[in-house]
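First comes the structure, then the notes that go with it.
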Amino acid sequence: MATSLLHAGLPQLSLRRISPASRPIFFNQKLHGRLGLLSSPFSRKGLGQQRYATEDGFSLADWSSESSKRVKSQDDSNNYVDAMGDIKRQLEELFDNVKTMIKKGNKDDALDLLLANYEMVKEQLNNGLKGIEQAAILDVLALGYMGVGDIKIAEHLLKLLNEIVSTLHDGLPLLDTILIHMGSMYTSLRMFDNALLVYGRGLKIIEKECGSQSPFLITPLLGMAKALNLIGRPSKAITIYQRSIAILEMVRGTDSEELVIPLFSLGNIFICEGKAAEAESCFSSILRIYKISYGENDGRVGVAMCSLAHAKCAKGSLDEAICLYKNGLQVIKDTNYMDLDDNILEHMRIDLAELLHLTGREREGRQLLEECLLINERYKGSNHPESVAHLLNLATSYSHSKNFVEAERLLRTSLHIISQTKGPEDNSITVPMLHLAVVLYQLKQDEEAEMFALEAVRIREATLGKESLPVGEALDCLVSIQTRLGKDDDDILSKLKRILSIQEKELGFQSEETITTLKKVVFYLNKMGKKDELLPLQRRLSMLKKKIKQRAPVF
C-alpha cells in the first residue's frame with residue numbers, strides 16, 4: 001500500500017514550452033502573415049493565442065477606398081463627403097506617423113505627437129464640439145496610445161469617445177469604423193461587454209446600409225465571435241464564425257485567403273470543445289486554400305500542415321499527425337519561411353516531440369528536443385534562462401527512458417542557470433528542483449531528494465503563499481519521499497491533511513487529485529488507529545466512489 005501511495009504522490013513530468021513573446025503575431029496577407037499555433041492537445045492551454053489582423057492589428061485598414069465609397073452612399077452632399085475625406089486622410093497620416101515612430105523606437109516622439117493632437121481635440125470638446133470629427137480623432141488617438149502601451153490614457157480616451165458616439169445617429173459616415181475600432185480596443189482591455197455592444201451597433205449600421213451578406217460585415221462579426229469565445233460562450237461564437245465563412249464563400253469564393261482567419265478561429269474552438277472532426281475540416285480547408293494560392297512548397301502550407309496535424313492528434317489519428325508535422329516542418333525549413341529561433345516554430349517542434357514520445361518513439365522525439373536546445377544556445381547563449389525549459393524537456397525524455405543519471409545532470413544544470421540568472425530564491429527554480437527530487441528518488445538518493453523537496457516547499461510558501469496549489473504539489477512530492485524514509489506518521493498525516501485542504505479549496509471535493517489524497521489520509525488514519533477521524537472520511541470516500549461509478553459511461 002505504501003508503494004502505491006508513493007507513486008501517486010510524485011509529480012508527473014511533461015514537456016514544457018517557452019512562454020510566447022509578448023508581441024502578438026497577426027494574420028496579415030500583405031506582410032505574409034502565418035497561421036498561429038494551436039494550443040497543445042495535451043496538458044497545456046492557451047500557448048497559442050488566436051490572432052486576428054482584422055480586430056487586433058495595429059491598422060486603420062477599414063478606412064480604405066472601399067469605405068470611402070460607402071461614405072458617399074451615406075450622404076449626398078459633396079461638400080460633406082469631401083470634408084470627411086479630408087479628415088480621414090489627415091487621421092490616416094497621423095496614425096501612419098505614430099506607427100512609423102513606434103517601429104523605429106521613437107516612442108517619445110510618438111507620445112509628443114499624440115499629446116499635441118489630444119490637446120487640440122480637448123480644446124474642441126471644451127468648446128462644446130462633440131461630433132463625428134472629434135470622435136474620429138479620439139479613436140485614432142486611443143489606437144495610438146494602445147500602440148505605445150499607455151493603457152491608462154487609452155482607457156480615458158475610450159470613455160470620452162463612448163460618451164460622444166452614444167449621442168451620434170447611426171447614419172453618420174465613419175461611425176461604423178469607429179465602433180469597430182472601439183470593439184477591438186475594448187477586447188484588448190478585456191472589457192468584453194462594452195466590446196459586444198459597440199460591435200453590435202457597428203454591425204447593425206453596416207447591415208442596414210449594405211445588406212446581410214456584405215463582406216463589410218466580416219470585421220465586426222469576427223470581433224464579436226472572439227469576444228463571445230473569451231467570455232465562455234463558444235456555441236454563439238461558432239455560429240458567428242460560421243456566418244462569416246458563409247458570407248466570404250459566397251462573395252469571395254471557397255478558395256479565398258480571407259477565409260483563413262475565421263476557419264482558423266473556428267477550428268481552435270472546435271478543438272477546445274472536443275469536436276476534433278469539425279476542427280479537422282477547418283484546417284483541411286486552410287491547407288487546401290494555401291496550396292491553391294501558393295503551391296505545395298510554400299511556408300504557409302507547411303504551417304497549415306502542422307495546424308492540421310494538431311487536429312488529427314486531437315482526433316486520435318496519431319500516425320497521420322506525426323507525418324503531417326514532419327512534412328510541414330520540412331517545408332518550413334526548405335523555404336526558410338521562419339527563422340530557426342522563431343517561437344511558433346519552436347512550439348511546433350515540441351508538439352511533434354511530445355507526440356513522438358506518446359507513441360513510444362522517444363529517440364526521435366529526443367532528437368527534436370536536442371535541436372530546440374542547440375538552437376536556443378546558438379541564438380541566446382548557453383546560460384540563457386530560456387534554455388531551462390529545453391533542459392527540462394530533455395530531462396523528462398531521459399526520465400521516461402529510465403536514464404535517470406542523464407536526467408539528473410540536465411536538471412542540475414537547470415538549477416545552476418536559474419540560480420545565476422534569477423537568484424536562488426526565485427520561484428521558477430522550484431520547477432527543476434522538484435523534478436530533480438523525483439529523479440533522485442528514482443535513483444534511491446532519498447536524503448538529497450528530501451532536501452530539494454523541502455527547499456521547493458519553502459520557496460513556494462514564501463513566494464506564492466502557504467495555501468497555494470503549487471505548495472500542495474511540492475508537499476505531495478515531499479510526503480512521498482519522506483514516507484520511504486520512514487518519517488514520523490503523525491508528521492506525514494499532518495502534511496497530507498494540509499494537502500487535502502489545499503486541493504479541496506483549489507480543485508474541488510471531487511477532483512481526481514483530491515480523491516487520491518483522501519485515500520492517503522484514510523490509509524494513515526487506519527494505520528494509526530484513529531477511528532473517530534477515519535469513519536467519516538471512509539463514508540465520504542465510499543460516496544465519491546459511487547458517484548464516479550454512476551458517471552462512468554456504459555458500453
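Below, each value reflects all heavy atoms present in this structure, side chains not excepted, and no hydrogens, waters or symmetry copies. Index from 1, following the sequence.
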Cationic N near anionic O, under 4.0 Å, Glu93 to Arg89: no
Kindly indicate whether the side chain of Leu189, heavy atoms from C-beta on, has any atom under 4.5 Å from the side chain of Leu158. yes
Can you list the steps and then say if Arg460 with Glu467 is a salt bridge (Lys or Arg N to Asp or Glu O under 4.0 Å)? CA-CA 10 Å; Arg460 288 188 175 186; Glu467 301 304 313; over 6 Å; no
Do Ile180 and Ile206 have side chains that get closer than 4.5 Å, going by heavy atoms? yes
May I ask you to decide if Ala246's main-chain N or O and Glu249's side chain share a donor-acceptor pair within less than 3.5 Å? no
I'd like to know if the side chain of Asn229 and the backbone of Ala225 have a donor-acceptor N/O pair within less than 3.5 Å. no
Check the pair Glu92 / Lys88 against salt bridge (Lys or Arg N to Asp or Glu O under 4.0 Å), numbers first and verdict last. CA-CA 6 Å; Glu92 285 179 336; Lys88 186 174 77 72; 3.4 Å; yes
Ile218 vs Ile261 side-chain heavy atoms within contact, under 4.5 Å: no
Of all residues at least two apart in sequence or in a different chain, which pass the salt bridge (Lys or Arg N to Asp or Glu O under 4.0 Å) check with Asp426? none
Would you check if the side chain of Tyr199 reaches a backbone N or O of Ser184 as a donor-acceptor pair within less than 3.5 Å? yes
For the atom pair CG (Leu329) and CG (Leu345), what is the distance rounded to the nearest 0.5 Å? 6.5 Å
Within residues 329-341 or reaching into it, pairs that qualify as salt bridge (Lys or Arg N to Asp or Glu O under 4.0 Å) - sequence neighbours excluded: none
With rounding to the nearest 0.5 angstrom, report the CG to CD distance, Asn297 to Gln330. 10.5 Å
Could you measure the distance from the NZ atom of Lys107 to the CD1 atom of Ile102? Nearest 0.5 Å is fine. 8.5 Å
Lys/Arg-Asp/Glu bridge criterion (N-O < 4.0 Å) met for Lys466, Glu461: no
Could you go step by step and tell me if Leu368 and Ile350 meet the side-chain contact (heavy atoms from CB on, under 4.5 Å) rule? CA-CA 7 Å; Leu368 278 170; Ile350 295 174; over 6 Å; no
Salt-bridge criterion met for Asp255 and Arg288 (N-O under 4.0 Å): yes
From CZ (Arg252) to CD1 (Ile245), nearest 0.5 Å: 15.0 Å
Drop me the distance from Thr219's OG1 to Leu179's CG, to the nearest 0.5 angstrom. 13.0 Å
Side-chain heavy atoms of Ile178 within contact of Val198, under 4.5 Å: no
Among Leu113, Leu111, Val140, the one residue meeting side chain to side chain contact (heavy atoms under 4.5 Å, CB included) with Val98: Leu113
Validation row: Leu161, Val165 side chains within 4.5 angstrom (heavy atoms): yes
Given Glu296 and Tyr290, is the side-chain contact (heavy atoms from CB on, under 4.5 Å) satisfied, shown in steps? CA-CA 8 Å; Glu296 299 277 347; Tyr290 276 148; over 6 Å; no
Over all heavy atoms of both residues, which pair between Leu324 and Ala309 is shortest? Give the atoms and the distance, please. CB-CB, 3.6 Å
Pair Glu377, His390: side-chain N/O donor-acceptor within cut-off below 3.5 Å: no
Strictly distance-based, threshold 3.5 Å: is any side-chain N or O of Ser387 a donor or acceptor partner for the main-chain N or O of His384? yes
Within the 3.5 Å criterion, strictly below it, is a donor on Glu257 or Tyr294 matched to an acceptor on the partner's side chain? yes
All N/O donor-acceptor pairs, side-chain side in residues 148-155, below 3.5 Å, sequence neighbours left out:
unit_1: Asp150; atom_1: OD1; unit_2: Ile153; atom_2: N; d: 3.4

Short side-chain to backbone donor-acceptor contact, Ser256 and Gly253, under 3.5 Å: no
Exam field: side chain Ser468 to backbone Gly465, donor-acceptor pair closer than 3.5 Å: yes
Pairwise distance CG(Asp298) to CD1(Ile332) - rounded to 0.5 angstrom: 10.0 Å
Could you check whether any side-chain heavy atom of Asn393 comes within less than 4.5 Å of a side-chain heavy atom of Cys372, counting everything from C-beta outward? no
Are side-chain heavy atoms of Phe216 and Ile247 found at a separation under 4.5 Å? no
For the pair Arg349 and Glu371, find out whether any cationic side-chain nitrogen is under 4.0 Å from an anionic carboxylate oxygen. yes
Are the side chains of Leu248 and Pro262 in touch, meaning some heavy atoms are under 4.5 Å apart? yes
From CA spacing to verdict: side-chain contact (heavy atoms from CB on, under 4.5 Å), Ile231, Leu196: CA-CA 11 Å; Ile231 61 174; Leu196 289 171; 3.8 Å; yes
With a sphere of 6.0 Å drawn around CD of Glu123, does it hold more than 12 non-hydrogen atoms of other residues, nucleotides or ligands? no
Check Asp170 with Arg201, please: is the shortest side-chain N to carboxylate O separation under 4.0 Å? yes
Please determine whether side-chain contact (heavy atoms from CB on, under 4.5 Å) holds for the pair Ile429 and Ser419, giving the CA-CA distance in whole Å, both sets of side-chain angles, and the decisive distance to 0.1 Å. CA-CA 7 Å; Ile429 202 170; Ser419 181; 4.2 Å; yes
